[in-house]
Colleague: 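Here it is: the structure, laid out below.
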There are 2 protein chains.
Amino acid sequence: MVQFVHPARDDISLEGVLGALSDPMRLRIVKALLAEGDCLSCSAAAPCPDMAKSTLSNHFRVLRDAGLIQTTKKGVENRNTVREADINARFPGLLKAILKHAGE
Amino acid sequence: MVQFVHPARDDISLEGVLGALSDPMRLRIVKALLAEGDCLSCSAAAPCPDMAKSTLSNHFRVLRDAGLIQTTKKGVENRNTVREADINARFPGLLKAILKHAGE
DNA sequence: TCAATAGTCCCATATTTCCGAACTATTGAA
DNA sequence: TTCAATAGTTCGGAAATATGGGACTATTGA
């Protein structure tokens, strides 16, 4: 019903990005998106199976609000992609530097 | 009275670092420490003058717990230094990538 | 010994996070 | 059409966390 709201490239803030990625679950979601061809539904990218749907939905909203991912509704599910180009244009090297160290 | 507790290098976590730096005030504190020769008292590194002492103290504790700074008591004040060597050893390139974009 | 200074600790309030439950929207049958 | 199933969102209350005021501690310098 809602068409998702994404910040413009120039409105992506460093604090927002860091805050979004400071949660282990969200870090895993972004990693999963990048690893799996960068287009996953919310549940397919879920960092752990026992997470409540509402919590998962909220994590995706945080990532979206921070400008890290783009979400589009495709049928009954959402397709999520990491906004790599935008993040890299705004903060060159940052995403790579963070994700290089992410995951156990 | 308390001798400050700092995590060992290997106990510094990525999420902890990102979480600590996801607050604009703490980001400014770290920037100030690095800019000013890396050894400032808490109040000298305060990101804005009207912040409550207790809040400022708490921000330093968060940075300390995350392993970002080292605090030693020197007379009546604290001397804080960024643990650059430890952070760089653990997450090469991360700190630089973040701080490059910090603070307009 | 006393006042001043720099921080810390404790507590109450305010904000955020988490999750269950109810709701919406889309698809694919019957 | 209608109905069930699926994927997410939204709402509300409980739990966790941040903020700041005030009292406290420790050190220095009169």
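Letters go in sequence order (proteins before strands), and every chain restarts at 1. Since the structure is predicted, the reported quantities are computational estimates derived from the model, not experimental observations.
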Colleague: For B:Arg79 and D:dT27, what is the distance between atoms CZ and C1' respectively, to the nearest whole Å?
Modeller: 14 Å
Colleague: Would you check if B:Leu56 and B:Pro47 make a side-chain contact, meaning some heavy-atom pair closer than 4.5 Å?
Modeller: yes
Colleague: Any side-chain N or O of A:Ser41 under 4.0 Å from OP1/OP2 of D:dA7?
Modeller: no
Colleague: Decide yes or no for A:Ile12 and A:Arg83: does some side-chain heavy atom of the first lie under 4.5 Å from some side-chain heavy atom of the second?
Modeller: yes
Colleague: Answer whether the closest heavy-atom distance between the side chains of B:Val30 and B:Ile98 falls below 4.5 Å.
Modeller: no
Colleague: Write down the distance between CG (A:Leu56) and C1' (C:dG20), rounded to a whole number of angstrom.
Modeller: 15 Å
Colleague: Are side-chain heavy atoms of A:Cys42 and A:His59 found at a separation under 4.5 Å?
Modeller: no
Colleague: Are B:His6 and B:Thr71 side-chain neighbours, meaning at least one heavy-atom pair lies under 4.5 Å?
Modeller: yes
Colleague: Taking the side chain of A:Phe4 as its heavy atoms from C-beta onward, which of D:dA7, D:dT9, C:dA6 lies nearest to it?
Modeller: D:dT9
Colleague: Would you kindly give the NZ-to-P distance between B:Lys73 and D:dT27, to the nearest whole Å?
Modeller: 6 Å
Colleague: Let me see the working for A:Leu95 and A:Val82 under side chain to side chain contact (heavy atoms under 4.5 Å, CB included), right down to the final yes or no.
Modeller: CA-CA 10 Å; A:Leu95 195 57; A:Val82 177; 4.2 Å; yes
Colleague: Between B:Ser43 and C:dT5, is there a contact of a side-chain N or O with OP1 or OP2 at under 4.0 Å?
Modeller: no
Colleague: Using whole Å, report how far CZ of A:Phe60 lies from C1' of D:dT9.
Modeller: 13 Å
Colleague: Whole angstroms only, please: what is the CD-C1' distance between B:Glu77 and C:dG7?
Modeller: 11 Å
Colleague: Show the numbers, then the answer: is there a side chain to side chain contact (heavy atoms under 4.5 Å, CB included) between A:Phe60 and A:Asn78?
Modeller: CA-CA 10 Å; A:Phe60 275 91; A:Asn78 294 354; over 6 Å; no
Colleague: Check B:Asn80 against B:Ile69 and note the closest heavy-atom contact, atom names and distance.
Modeller: OD1-CD1, 3.8 Å
Colleague: For B:Lys74 and C:dG7, what is the distance between atoms NZ and P respectively, to the nearest whole Å?
Modeller: 14 Å
Colleague: Please enumerate all protein N or O atoms sitting under 3.5 Å from an N or O of nucleotides 15-20 of chain D, with distances to 0.1 Å.
Modeller:
from, atom 1, to, atom 2, distance (Å)
D:dG20, OP2, B:Thr55, OG1, 3.0
D:dG20, N7, B:Ser54, OG, 3.0

Colleague: Tell me if the NZ atom of A:Lys96 is crowded by more than 12 foreign heavy atoms within 6.0 Å.
Modeller: no
Colleague: Output yes when at least one side-chain N/O atom of A:Arg64 is less than 4.0 Å from OP1 or OP2 of D:dT9, else no.
Modeller: yes
Colleague: How long is the line joining CG of A:Asn78 and C1' of C:dT26, in whole Å?
Modeller: 12 Å
Colleague: For DNA chain D, what is the dot-bracket line, given that a base pair needs Watson-Crick (N1 to N3, plus N6-O4 or O6-N4) or G-U wobble (N1-O2 and O6-N3) geometry with both distances under 3.5 Å, and | means paired with another strand?
Modeller: ||||||||||||||||||||||||||||||
